[in-house]
Asks: 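The structure under discussion is supplied below as structure tokens; questions concerning it will follow.
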Amino acid sequence: MKVCHFCGNKNFKNTKAQYTYKHNENFLIVNDVPCEQCEYCGEQYFKGSVLKQIENEFNSIHSYGKKAKKELVVPLEQYCEIQSSNN
Ligand SMILES: [Zn+2]
């Protein structure tokens, strides 16, 4: 019986979610990844085989130069630079 690690709830629903894989400051975002979601707290659980596929795709893109279907430009800030100066 599956139990949520965060809240102990035992009810899960099958859904699809966006998964962000990050390694050494490189990112891969995959949409519509099948997962099980805790119906109480919303924590998402992905299968090992699914994560392995995402990792393989990440390596194809970042190590072997495969072109992703779509690329995003993501704004990046340092927190210390966006703090308001009147603190
Ligand atoms: Zn939960």
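Counting convention: from 1, in listed order, for ligands and their atoms alike. Note that the structure is predicted; figures quoted are calculated from it, not measured.
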Asks: Other members of the hydrophobic cluster containing Tyr19, with the 4.5 Å side-chain heavy-atom rule, please.
Replies: Tyr21, Leu28, Val30, Val33, Phe46, Val50, Leu51, Ile54, Phe58, Ile61
Asks: Are His23 and His62 packed together at the side-chain level, in the sense that at least one heavy-atom pair is separated by less than 4.5 angstrom?
Replies: no
Asks: Could you please give the number of protein N/O/S atoms within less than 2.8 Å of the Zn ion (ligand 1)?
Replies: 4
Asks: Could you pull out all residues at least two apart from Asn11 that satisfy side-chain contact (heavy atoms from CB on, under 4.5 Å)?
Replies: Asn9, Glu39
Asks: Which other residues end up in the same hydrophobic cluster as Tyr45, if Ile, Leu, Val, Met, Phe, Trp and Tyr are linked when side-chain heavy atoms come under 4.5 Å apart?
Replies: Phe6, Phe12
Asks: Do you know the tightest heavy-atom contact between Gln37 and Gly42?
Replies: NE2-O, 3.0 Å
Asks: Between Lys47 and Glu36, does any NZ, NE, NH1 or NH2 come within less than 4.0 Å of an OD or OE carboxylate oxygen?
Replies: no
